[in-house]
J.: 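First the structure, then my questions, so here it is.
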Amino acid sequence: MKEKKKKKRERQVISSSASNKRGDWTGGDGPPQDWRIAAPGVAPRQAHMSLYSVNTRGDSPVCASTEHSTLLQHLPLLLTSSLLAMAAPNHLLSLLLVLLAGSLLTEATYYRPHRYFPHFIRFRQPSSSNHIENHLPEVVNPPPAPRHPFAPRYPAIPRLLHPTPEDIQTFHPEPRVVHPEPESHQRSAAPVPRAPANMTRVFYGVMFDAGSTGTRIHIYKFIQKDPVELPVLDNEMYHAVKPGLSAYKDNPEEGGNTVRQLLKIAKKTVPEEEWRRTPVVLKATAGLRLLPGDKANALLNEVRHVFHESPFYVPHNSVTIMNGTNEGVLAWVTVNFLTGHLYSSTKRTVGILDLGGGSTQITFLPKSKKTVESAPLSYIAKFNLFNSTYQLYTHSYLGNGLYAARLATLGALGADGLDWKVFTSSCLPKKFKEDVTFGGTTYKVSGVPDGYAGYRLCYYEVMKVIKGIVHQPYEVKGSSVFYAFSYYFDRAVESGLIDGSRGGAIEVRDFKKRAKEVCNKMTKYRSISPFLCMDMTYITCLLKEGFGFKDNTVLQLAKKVNNVETSWALGATFDYFRNLNIH
C-alpha cells in the first residue's frame with residue numbers, strides 16, 4: 001500500500017513539474033490540446049509538455065524547433081518520466097511514451113513554424129536592423145532616362161499661335177490654302193514627326209474694310225493642326241453696315257458707333273478667352289481718300305478711341321487709310337490664295353478686277369516683259385510671299401469707282417452750287433428725279449425730261465470719265481484669266497447675267513449686250529435700280545475702252561471663293577501678320 005502511494009506521489013511530481021513549464025507561453029492555459037502529451041491516467045490539462053515557447057525578448061513568437069536548447073532542456077524530464085513508468089505493470093504504455101518522446105525530438109528539429117501561425121503574424125515586416133540588405137534606396141523623383149538622340153521629339157507650339165501684345169509684331173503665320181492643292185502642285189517633303197491631336201490651336205484676326213459705301217467686318221478663324229505645318233484658314237464671318245464712314249465726316253462720333261456695332265459681332269464670334277490675343281485692324285479706302293485731311297483724321301481718331309475701349313488687342317497703326325497700290329495687291333493675294341494659285345510652281349495666277357464705290361483696281365502677274373516696260377513706274381509693285389517674289393502690274397483709279405463714276409458722269413463730282421443745281425443724264429429714266437448722297441454730300445439728279453435716253457447717248461457720256469484716264473496694259477488683250485468682283489458681281493446679278501448664289505463665267509461682250517438691253521428698256525428695269533443702265537454702260541466702257549479687254553475675254557464673276565469674301569481684307573490680314581513689304 002505504501003509502495004502504491006509512493007508511486008502516485010512521484011507521478012504527481014512529474015505532472016506538477018511539467019505543468020510549471022506553461023510559464024513559457026503567453027497564451028494563459030498553455031498550448032492547444034493537440035500539442036499536449038499526458039502521462040497515463042492524468043488529465044491533459046494537468047500533465048503536458050510544451051513543444052513551443054514564446055520568445056519574450058522579440059516582437060513575434062519563435063518556434064521551439066528553431067531553438068534546440070528549449071527541447072533539450074525538457075529531455076531529462078521526459079526520460080525520467082519514461083523510466084518511472086516502466087517500473088509499473090503497464091510496460092506497453094511506458095514504451096509508447098519513450099517512442100513518442102523520440103519522435104517529437106526528431107520532428108522538432110525540422111518543424112515549419114508557418115504550419116500553425118496565423119497569416120497576420122506570418123508576414124510581419126522584418127526588422128530593419130536584421131534585414132537592411134533587403135531594402136532598396138528610396139527615390140522620390142527619379143531622373144528621366146536619357147533619350148535616344150534620334151528619338152522623335154514633338155516641337156513646342158510656336159509662339160505665333162497666340163501672340164501677346166508684346167510680340168504681336170513678330171506674328172507671321174502663313175495660312176495654307178483651304179482646299180487641297182492639285183496633285184501636280186503638291187510638293188514632296190521628308191516625313192516629320194506628327195504632334196499629338198491635342199496640339200491643335202486656334203487663333204483669330206479681325207479686319208475692318210471702311211469703304212465708301214459701307215463698313216465691313218471680316219473675322220477670320222485659323223487652325224494650327226500641326227506646329228510644323230502652316231495654319232489653315234478655317235472660315236470667315238462677314239457683316240456690313242451702311243453707309244460708309246465717309247458719310248459721317250461731320251459727325252465722327254456717330255461714325256464710331258457703326259464700328260462699335262460691328263465689334264459686338266466680333267465679341268460674339270471670337271471666344272472670350274481669345275479676345276486679348278486677337279488683333280483688330282481697320283483700313284479705310286477711297287471713301288476717306290476723297291475727304292479733306294482734317295475730316296478723315298477726325299474719323300480715324302474716333303475709330304481708334306472705339307478700338308481702345310474694346311477687349312481686343314489694338315496693335316500699333318491699327319487704324320489707317322490704305323493706299324491704292326496696296327488695295328490692288330492685297331485683293332490679288334486674296335483671290336490667288338483662295339484659288340490655290342500661290343502654291344503653283346508654274347506661276348499660273350489669275351488677275352483681279354475690283355470695282356468699289358470710290359475707286360477701281362486692276363492687278364495681274366505680267367507674262368510679257370513688254371507689259372512691265374510699257375507701264376508707268378508706279379504701276380509695278382514687288383513683294384515677297386510664301387518664299388516667292390512677285391512683280392505685279394497694279395493700279396487703283398481714285399474717283400472711278402461705281403458711285404464716284406455716276407457723279408462724274410453727271411458732272412456733279414467736285415461741282416459747286418449743290419444746293420440749287422440739278423444734274424441730268426441720258427443714262428437715267430426721263431421721269432426720274434432724286435437726291436443722291438455720296439461721301440456725306442447730297443446731290444440733286446434726274447433724267448432728261450424732254451431729251452433722248454438710251455445706250456448710245458449714255459455711252460458717250462460715260463466715255464468722258466474713262467477716256468485718257470485709264471491705262472491699257474499690253475497683254476490684257478491676250479488670254480489671261482481675270483476674277484471680277486464687288487460691283488462687277490452685284491450688277492451682273494441685278495441685270496440677270498449670272499446667278500447670285502453661284503456666280504459664273506461670262507465674256508466682256510455679255511456686259512455690252514445686257515447694257516444695251518437695259519438702257520433701251522429703262523422702264524422695265526427701273527424697279528431694280530434707276531442707275532442700272534448707267535452702271536452697266538460704265539462697266540462695259542471701263543472694260544473695253546479703259547483697260548482694253550477684247551470682247552471674248554472671259555471674266556470669272558465671284559462674290560466668294562470657298563465661302564470667303566473676294567476682297568482685299570484677307571490679303572491685308574496676311575500683310576499684317578507677315579509684313580509683305582509691298583513696294
Side-chain angles (χ1 to χ4, degrees), residues 211-215 240-251 254-255 258 286-287 290-291 355-360 399-466 486-496 500 511 514-542:
S212 57
T213 58
T215 302
V241 295
K242 293 183 178 182
L245 277 182
S246 57
Y248 304 98
K249 61 181 180 180
D250 297 321
N251 190 1
E254 192 62 29
T258 62
L290 292 170
L291 291 181
L355 180 60
S359 64
T360 185
N400 285 91
L402 190 67
Y403 281 74
R406 287 179 181 177
L407 298 174
T409 302
L410 289 162
L413 193 63
D416 298 325
L418 301 182
D419 294 335
W420 55 270
K421 279 187 179 180
V422 178
F423 301 94
T424 62
S425 172
S426 299
C427 300
L428 299 174
K430 291 182 179 183
K431 296 181 180 180
F432 172 75
K433 188 175 183 180
E434 193 173 279
D435 289 348
V436 176
T437 301
F438 177 73
T441 302
T442 301
Y443 306 86
K444 293 181 174 62
V445 301
S446 74
V448 182
D450 300 324
Y452 292 97
Y455 175 76
R456 184 176 293 275
L457 290 175
C458 183
Y459 195 87
Y460 284 121
E461 289 183 12
V462 170
M463 276 292 294
K464 296 182 296 183
V465 183
I466 302 296
S486 297
Y487 285 118
Y488 288 114
F489 177 87
D490 294 341
R491 293 301 175 262
V493 172
E494 291 178 357
S495 62
F511 270 113
R514 188 53 54 93
K516 288 182 178 181
E517 181 181 337
V518 172
C519 290
N520 294 332
K521 297 179 181 179
M522 289 189 191
T523 305
K524 176 182 176 181
Y525 291 93
R526 179 173 178 174
S527 59
I528 299 174
S529 171
F531 287 92
L532 188 56
C533 167
M534 181 182 288
D535 293 345
M536 292 294 289
T537 304
Y538 176 72
I539 290 173
T540 303
C541 191
L542 178 64

J.: Classify the ring geometry between Tyr403 and Tyr487 as parallel (under 30°), tilted (30 to 60°) or perpendicular (over 60°).
T.: tilted
J.: Do the non-hydrogen side-chain atoms of Phe423 and Thr409 ever get within less than 4.5 Å of each other?
T.: no
J.: Looking only at heavy atoms, which two atoms of Ser426 and Tyr452 are closest? And how far apart?
T.: OG-O, 3.2 Å
J.: Using every non-hydrogen atom in the two residues, find where Lys444 and Asp419 come nearest and quote the distance to one decimal.
T.: NZ-O, 3.2 Å
J.: Roughly how far apart are Leu413 CG and Arg406 CZ, rounded to 0.5 Å?
T.: 13.0 Å
J.: With a 3.5 Å distance limit and no angle check, can you tell me whether Arg514 reaches the backbone of Ser495 through a side-chain donor-acceptor pair?
T.: yes
J.: Using side-chain heavy atoms (C-beta onward) and a distance below 4.5 Å, is Leu532 in contact with Arg491?
T.: yes
J.: Which distance, rounded to the nearest 0.5 Å, do you find between the CG of Leu245 and the OG1 of Thr213?
T.: 11.5 Å
J.: Could you check whether any side-chain N or O of Thr258 sits under 3.5 Å from a backbone N or O of Gly255, counting only pairs where one atom can act as donor and the other as acceptor?
T.: yes
J.: For the residue pair Tyr248 / Thr215, report whether a side-chain donor-acceptor contact shorter than 3.5 Å exists.
T.: no
J.: Can you check whether Leu410 reaches Leu428 side chain to side chain, under 4.5 Å on heavy atoms?
T.: yes
J.: Taking all heavy atoms of Phe432 and all of Pro530, pick out the closest pair and write down the distance.
T.: CE1-CG, 3.5 Å
J.: More than 12 heavy atoms of other residues, nucleotides or ligands under 6.0 Å from NZ of Lys430: yes or no?
T.: yes
J.: Do Ser529 and Glu494 have a side chain donor and acceptor closer than 3.5 Å?
T.: no
J.: For a quick check under 3.5 Å, do Lys249 and Thr441 share a side-chain donor-acceptor pair by atom type?
T.: yes
J.: Under the salt bridge (Lys or Arg N to Asp or Glu O under 4.0 Å) rule, what do Asp416 and Lys421 come out as? Steps first, then yes or no, please.
T.: CA-CA 8 Å; Asp416 298 325; Lys421 279 187 179 180; over 6 Å; no
J.: What distance do Lys516 atom NZ and Met536 atom CE have between them, rounded to the nearest 0.5 Å?
T.: 12.5 Å
J.: Could you check whether any side-chain heavy atom of Phe438 comes within less than 4.5 Å of a side-chain heavy atom of Ser212, counting everything from C-beta outward?
T.: yes
J.: What do you reckon, are the aromatic ring centroids of Phe531 and Tyr538 less than 6.0 Å apart?
T.: no
J.: Say you draw a straight line from CG of Asn520 to OH of Tyr455; how long is it, rounded to the nearest 0.5 Å?
T.: 10.0 Å
J.: Between Thr437 and Thr442, do the side chains contain a donor N or O and an acceptor N or O under 3.5 Å apart?
T.: yes
J.: To check you understand the geometry: which heavy-atom pair defines the closest contact between Gly287 and Ser246, and what is its length?
T.: O-CB, 3.5 Å
J.: What is the minimum heavy-atom distance between Met534 and Ser425, and which atoms define it?
T.: CE-OG, 3.5 Å
J.: What is the minimum heavy-atom distance between Cys533 and Met522, and which atoms define it?
T.: SG-CE, 3.6 Å
J.: Using a strict SG to SG cutoff of under 2.5 Å, would you count Cys427 and Cys519 as disulfide-linked?
T.: no
J.: To the nearest 0.5 Å, what is the distance between CZ (Phe511) and CD1 (Ile539)?
T.: 5.0 Å
J.: Are any non-hydrogen side-chain atoms of Leu542 and Asn400 less than 4.5 angstrom apart?
T.: no
J.: Supply the atom-to-atom distance Cys541 SG to Tyr460 OH, rounded to the nearest 0.5 angstrom.
T.: 11.0 Å
J.: Under the 3.5 angstrom rule, does the side chain of Ser486 hit a backbone N or O of Gly356 as a donor-acceptor pair?
T.: no
